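Reckoned from all heavy atoms, side chains included, excluding hydrogens, waters and symmetry mates. Everything quoted here is computed from the prediction, not taken from an experiment. For the single chain, residues carry numbers from 1 onward in sequence order.
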Amino acid sequence: MEHYSDMLAKPIHTYRPFWAKRFGTAKMLPMTRAEMDALGWDSCDIILVTGDAYIDHPSFGMALVGRLLEAQGFRVGIIAQPDWQNANAFKALGKPNLYFGVTAGNMDSMVNRYTADRKIRSDDAYTPDAAPNKRPDRAVLVYSQRCREAYPDAPLVIGSIEASLRRIAHYDYWSDKVRRSILVDSKADILLYGNAERALVELSHRIAKGEKVSDIQDIRGTAFLRKNIPEGWSEVESTKLDRPGIIDKPVDPYEMKMGKSDASCATNETKITLPEGSKAIEIVRKPKADRTKQVVRLPAFEEVANDPVLYAHASRVLHLEANPGNARALVQKHGDREVWLNPPPIPLTTKEMDYVYDMPYARAPHPIYKQAKIPAWEMIRFSVNIMRGCFGGCTFCSITEHEGRIIQSRSEESILKEVEEIRDKVDGFTGVISDLGGPTANMYRIACKSESIEKNCRKLSCVYPGICENLNTDHSALVQLYRKARAIKGVKKILIGSGVRYDLAVKSPEYVKELVQHHVGGYLKIAPEHSEENVLSKMMKPGMDAYDEFKLMFEKFSAEAGKKQYLIPYFIAAHPGTTDQDMLNLALWLKKYDFKLDQVQTFTPTPMAMATAMYHSGKNPLRKVTADSDNVPIPKAGNVRKLHKAFIRFHDPNNWPMLREALKKMGRADLIGSGKQCLIPAWQPLSNKPITTVKGEQLERTMRPRNPQKKTRKFS
């Protein structure tokens with residue numbers, strides 16, 4: 001069976017360039033009319049609108065998309081963080097010849113603007129000097145409206161993670177309700193979801209040739225509105241698919257019919273007829289349905305908005321139809337219109353990935369920002385993205401839903417070339433590469449052993465509940481890449497800043513040794529997320545045995561290198577499925593291993609994530625969802641979410657009053673006091689400054705003391 005790259009996917013670097021290619025390559029894509037004039041442009045073919053500052057670097061979506069379209073011959077302008085109060089800012093570059101491309105930026109605008117407690121953030125990492133309020137809530141909707149006001153007849157294309165994760169009816173945490181597909185609310189002509197290079201290139205060339213956007217409905221990775229199911233398609237109700245494994249109802253290939261064939265048999269059935277007079281049976285074989293002409297009907301928006309169980313069911317079916325090799329189209333009714341989702345895009349080949357990342361990026365913010373500091377740029381300016389996608393399937397994470405489960409890797413040559421460009425072009429480079437990674441640090445070039453199995457697989461994760469036997473866990477290509485990268489002249493150190501999937505890493509001790517002895521700067525961040533199995537099962541994360549195995553390797557190889565290095569684990573508070581007892585057990589685990597964590601992530605329900613479906617419905621969409629299926633405990637109330645976070649930060653005196661009250665209610669007052677087995681003390685400091693003694697009694701030290709004689713209050 002052919003691989004993904006052979007599934008009628010035209011390589012993105014083989015299109016004949018648009019005529020405007022003659023204008024050449026811009027040092028920076030223009031943001032003003034003056035820059036357009038300097039390039040000799042009278043107009044832009046495509047105008048990209050983004051909620052981020054424009055930084056010409058492949059880690060920033062607008063730069064990557066803009067340079068890709070430029071390489072196809074189009075004149076591309078950027079409108080970055082426009083004033084959305086009226087349409088004037090959206091007229092800055094004139095009317096685009098082909099279309100407006102609208103995105104919220106690298107982050108969902110609601111996640112960017114609000115904390116997990118729905119409080120507005122005081123800064124924005126993607127804005128010059130981290131200034132807040134430079135983008136609106138639900139930026140794709142607002143920008144789309146302003147583009148329509150500016151030029152009503154200009155086609156409108158939406159994309160980015162914000163649009164991608166809202167492509168069907170979705171639960172919105174910030175308004176606590178199910179909202180319509182963003183395609184309906186934005187009134188866009190078409191939505192591109194996932195990593196959309198392939199769809200974007202084809203769409204742009206077809207529009208340039210005169211096709212109407214409304215007529216382009218056959219590109220994978222796109223969503224659009226239509227009135228009816230087209231002729232020749234068969235429709236499958238999603239309620240027939242709500243189970244794992246094989247989706248279609250099994251057909252008995254040896255359906256028995258006694259005697260001769262009769263008129264009731266369908267004319268398209270294949271029959272094997274035995275000689276006349278035979279006592280044996282006839283065999284009737286039914287042909288397989290053509291999946292390329294099947295569409296799965298999800299429950300309508302009005303149904304999922306009013307029935308959380310149906311919402312969880314729809315979420316489950318969408319995730320089961322996510323493999324580009326076997327996914328079918330999806331359709332969901334919104335009023336009298338149908339939101340149609342074509343199957344996911346075919347992943348890029350290594351050659352295509354290199355094409356995208358080898359563009360002539362300036363690797364700097366646009367000069368319009370002058371000396372302003374942009375935190376997101378400062379963080380990644382010396383890092384290199386080596387791959388995309390994630391087959392982990394963690395239920396709380398949106399990477400898999402957006403980028404897909406198929407790992408798309410760059411070539412070694414392309415990556416090493418980028419390291420050299422950073423060395424030669426990026427101001428302030430001191431010889432340290434901050435990361436060679438991606439969504440996960442150690443999935444580079446890892447894939448299924450069989451292309452056929454990979455194309456037909458319907459599992460939600462390749463590494464849960466254990467590493468799939470069909471997954472090739474060989475890390476040798478990554479080890480070789482690390483060695484070649486750190487051997488580049490002028491490179492002193494290469495760190496790995498992306499998260500390491502430690503259950504995968506332990507399958508390759510050579511990789512763990514290479515990582516620990518050469519690419520850890522004293523601390524390595526990993527994400528067990530929790531200690532309790534019943535919570536980890538709702539996250540689709542491995543048990544703590546895998547963490548313990550990795551920890552032993554980490555300590556062994558650190559000692560062999562004569563280095564003192566430490567693991568910094570990350571945990572999530574208030575994840576669906578978590579009880580107060582689970583959080584207490586995690587706190588006791590942290591105390592046992594002497595971890596005092598400053599950064600704690602409280603679960604935020606993001607659109608389309610499986611854990612969000614759990615949060616909204618109280619059901620587990622990892623299994624068949626019915627009204628009678630098992631309920632999942634959901635820590636929704638604000639005080640419960642705060643308590644769960646307090647358990648992880650049990651060493652903070654500000655959390656002690658809340659924890660004392662909770663422990664007493666749980667019947668665990670024995671954990672309050674000064675004994676070694678206690679979690680928190682019975683006393684409270686008058687200020688937040690830590691102390692170690694009270695009335696001559698020695699207390700367990702939780703932080704470095706500054707004033708041992710500070711007066712305290714005693715609590716019963």
- Task: Could you check Asp630 against Asn620 for side-chain hydrogen bond (donor to acceptor under 3.5 Å, both in side chains), going step by step and ending with a plain yes or no?
- Result: CA-CA 7 Å; Asp630 292 340; Asn620 184 1; over 6 Å; no

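- The shortest heavy-atom contact between Ala163 and Ile182 is O-CG2, 3.8 Å.
- Judged by distance alone, the side chain of Gln601 and the main-chain N or O of Ala573 form no donor-acceptor pair under 3.5 Å.
- In this structure, the side chain of Asp108 does not engage the main chain of Glu162 through any donor-acceptor pair within 3.5 Å.
- Remark: Lys541 fails to qualify as a cation-pi partner of Tyr464 under the 6.0 Å distance and 45° angle criteria applied to the six-membered ring.
- With hydrogens and angles ignored, the 3.5 Å screen pairs a side-chain donor or acceptor of Asp129 with a backbone N or O of Lys373.
- A donor-acceptor contact shorter than 3.5 Å is absent between the side chain of Asp582 and the backbone of Ser531.
- Judged by the 6.0 Å and 45° rule, Arg167 forms a cation-pi pair with Tyr193.
- Taking every heavy atom of both residues into account, His57 and Ser383 meet most closely at NE2-O, 4.2 Å.
- Looking at Lys538 and Thr578, their side chains never come closer than 4.5 Å, going by heavy atoms from C-beta outward.
- You'll find the ring centres of Tyr482 and His518 outside the 6.0 Å limit.
- A salt bridge between Asp474 and Arg445 is absent, with no side-chain N of the basic residue lying under 4.0 Å from a carboxylate O of the acidic one.
- A donor-acceptor pair under 3.5 Å is absent between the side-chain atoms of His319 and the main chain of Val317, judged by distance alone.
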